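Inspection log for the structure reproduced underneath, given as structure tokens.
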Number of protein chains: 2
Amino acid sequence: MASSPSAPPRKSRASGRLTLDDVAAAAGVSRITASRALRGERSVGAELVARVAQAAQTLGYVPDPAARALASARSRTVVVLVPLLSNNLFVDLLEAVHRSLHPAGYQILIGVTHYQADEEEALLASYLAHRPAGLLVTGFDRTQRCKDMIAQSGVPCVHLMETSTDPAVHCVGFSQTQAGGAMTEHLLAQGRQRIAFAAAQLDPRVMQRLDGYRMAMQAAGLWDAELEWLSPAPSSMALGAQLLEQNLARHPDVDAIFYCNDDLAQGGLLAALRLHIAVPQQLAVAGFNDLAGSDQMLPTLTTIRTPRRQIGHSAAQMLLHLMRDEPIDTHSVDLGWELVQRQST
Amino acid sequence: MASSPSAPPRKSRASGRLTLDDVAAAAGVSRITASRALRGERSVGAELVARVAQAAQTLGYVPDPAARALASARSRTVVVLVPLLSNNLFVDLLEAVHRSLHPAGYQILIGVTHYQADEEEALLASYLAHRPAGLLVTGFDRTQRCKDMIAQSGVPCVHLMETSTDPAVHCVGFSQTQAGGAMTEHLLAQGRQRIAFAAAQLDPRVMQRLDGYRMAMQAAGLWDAELEWLSPAPSSMALGAQLLEQNLARHPDVDAIFYCNDDLAQGGLLAALRLHIAVPQQLAVAGFNDLAGSDQMLPTLTTIRTPRRQIGHSAAQMLLHLMRDEPIDTHSVDLGWELVQRQST
DNA sequence: CTGAAAGCGCTTACAG
DNA sequence: CTGAAAGCGCTTACAG
């Protein structure tokens, strides 16, 4: 029994840190056996495993991740690179990833790239040095140096938010282009003709939505370059309002605005309210992502609901398989999207 | 000269990893000197520093953080614990912390506690094992075990978002109670009498704002327990709308609502719009934090602007001093707040 | 100002 | 199924 009640938490080393040796001594086994027992290697007898676990528990032992990483050349950390934390889309993604990876014993290390190629390079270089067990990155758009670093590291990597036909690449997402096209077609089907596409940030996924919009408009013979309102500035409600106010003045015949993100669209809706523009009668407004609050707007916002929680979960699962060298069903998972029609269209 | 153009990136060890030995060899010095040069220890000759830096640069050497942490018993990581990522307040805080710590050579490791004591304990235990150089935690409210772990670790720690008179504790924030009182007094000064306090999440800082509200209402002889609308649910626009709709029906005489957070207040504003309640004529609405979009609402939202970016910056600076064993001016920095009056009051 | 030795706390082969 | 040896890549005293 591991009841030694008054056993002082012996500290064998000068550092005063509780080490595997302490656990091994308390359990009456060698250090290696303790290590194996703790890691769940099944070459250890069940009784020993229990004894070691008990000892570790009692002493309050926490393995040193640095020593572990150094000895095994691999950590239990998964690096996740997202562009922004200020877009709730990515927060949802991160939460889902965490919820899937945490029970499996992995920690996540969040890196924020701010949509900057050089920041991504720096983050990757510095995080790869930590010998992560896996990598989760947003989209495919990055410098060749980044791609090389990932490839050379040999760390399994899953790409988030997009799909691909290249079997060498692992990804979980949906077709941004298709979703952009579908919303445009929805507006066309409602009889709108002068549909503007209002966008900010202009990251690769926004541009794919723009592609979908363009193709649908061209197919309908209604495409007009004047109706593409693009701003490289960060997305915000204020910018959404501004895009509407400035461009509607020059194009009063516009009868619908398809915003590339819900925060812009929410700003547009409020601007319409301020300017007494009737939505949807006079102007239809659509968004993208179905962010918090879109169902609270007046009128409520029609949008594309994107499955970011599922993407986070599914990508984590795929990565788990890759990290364990297990076979995976497909290299690219398409989780689709849903057009949520509300009052604004 | 470090021009050896065709020198292949030699890899001395089986792992194939580029090590300090490779850099030392390339620079023609010993490993220790290379280590010292790279870390900027000023016992190394300027010429050697340059030669080592050059070699490291050329080879693309990145120090192994695990080996570093193991050998020095300290990493270059600062752990930051925040309750949530879905509240932009904390994202702003994190960004500011990152901006201050990154140039100083520290990485940040983000931990999300979800306002759960047990999650915070687990995060702390696991992150402390990484031997962080510093710790940044939100507020003072945590279990004794958490406090003990922090104290026993010896890792310098700065508390965010609140102030304290205890000289043993390091913190940067402002008085939540005072801010809550000030907004209440602002509403009272405008002639409001039946002022409700609507809150969600009910974390310690929300309760401090409630205290401020209570004291101001009691001082005015207008306090009424019926006007404290408290929900433990997570804060959201939808909940803000719901709090207004449900409680206003029972208390039609309420002439102002002070929401503990802007997202609730934004939802309240939209609910008022839906219900054709004139704001501020019939009902004043106030929020807290001045989050994105509050200046876009109709009417624009009166709120308390909290200095989270400054808090992040200032806390990072204080932590930097502590990590370097440098003296600090004060243990508690009060950065104040600003009442931003807009149209809703 | 520079270097050879020892050690940080683990895990990976290699034996039995 | 269990253990003694060696090593992961660095830094910390200790010498010179």
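Each chain gets a letter, A, B and so on, in the order the sequences are listed, and its residues count up from 1. In this text, all values refer to a predicted model and were calculated from it rather than measured experimentally.
- Between A/Q144 and A/K147 there is a side-chain heavy-atom pair separated by less than 4.5 Å.
- Between A/R36 and C/dA13 there is no side-chain N or O to OP1 or OP2 distance below 4.0 Å.
- Atom-to-atom, CZ of A/R76 to P of C/dG9 comes out at 21 Å; the value is rounded to the nearest Å.
- There is a side-chain donor-acceptor pair under 3.5 Å between A/H114 and B/E95.
- The phosphate of C/dT2 (OP1 or OP2) has no side-chain N or O of B/T33 nearer than 4.0 angstrom.
- When the P atom of D/dT11 is taken as reference, atom CG of B/L38 falls 8 Å away, rounded to whole Å.
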Evaluate B/L135 against B/Y127 for side-chain contact (heavy atoms from CB on, under 4.5 Å), listing each step before the verdict. CA-CA 10 Å; B/L135 211 50; B/Y127 284 177; over 6 Å; no
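- Checking the phosphate oxygens (OP1, OP2) of D/dA5, no side-chain nitrogen or oxygen of A/R31 falls inside 4.0 Å.
- Here the closest heavy-atom approach between residue B/V112 and residue B/L123 is recorded as O-CD1, 3.3 Å.
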Determine, stepwise, if the pair B/R142 / B/T113 fulfils side-chain contact (heavy atoms from CB on, under 4.5 Å). CA-CA 11 Å; B/R142 50 185 48 80; B/T113 66; over 6 Å; no
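- Distances were taken from every side-chain heavy atom of B/D64 (C-beta onward) to each of D/dC10, C/dC8, C/dC10; the shortest belongs to D/dC10.
- Rounded to an integer number of Å, the gap from B/L70 CG to D/dG9 P is 12 Å.
- One can place CG of B/L18 at 10 Å from P of D/dG9, the figure rounded to the nearest angstrom.
- Remark: P of D/dG9 and CZ of A/R74 are 13 Å apart, rounded to the nearest angstrom.
- Within 6.0 Å of CG on B/D166 lie more than 12 heavy atoms contributed by other residues, nucleotides or ligands.
- Summarising the local packing, CZ of A/R145 is surrounded by 12 or fewer heavy atoms from other residues, nucleotides or ligands at distances under 6.0 Å.
- Closest approach of A/V82 and A/T138 over heavy atoms only: CA-OG1, 3.5 Å.
- Paired regions of DNA chain D, where each region holds three or more successive Watson-Crick or G-U pairs whose two hydrogen-bonding distances fall under 3.5 Å, are C:1-3 with D:14-16, C:5-12 with D:5-12, C:14-16 with D:1-3.
- Whole-Å rounding puts the B/I32 CD1 to C/dC8 C1' distance at 16 Å.
- At the phosphate of C/dT11, neither OP1 nor OP2 sits under 4.0 Å from any side-chain N or O atom of A/S72.
- Looking at which nucleotide of DNA chain C each of A/A66 and A/E41 is closest to, the 5′-most match is held by A/A66.
- Nearer to the 5' terminus of DNA chain C, by closest-nucleotide assignment, is the contact made by B/V29 (compared with the other of B/V29 and A/A71).
- When distances run from any side-chain atom of B/A67 to the nucleotides C/dT12, D/dC10, D/dT2, the shortest one goes to D/dC10.
- Within the structure, every side-chain polar atom (N or O) of A/S35 is placed at least 4.0 Å from both OP1 and OP2 of C/dC10.
- When rounded to the nearest whole Å, the span between CZ of A/R39 and P of C/dC10 equals 11 Å.
- One finds no side-chain N or O of B/R68 lying less than 4.0 angstrom from the OP1 or OP2 phosphate oxygen of D/dG9.
- Between B/L20 atom CG and D/dT11 atom C1' there is a gap of 10 Å when expressed in whole angstrom units.
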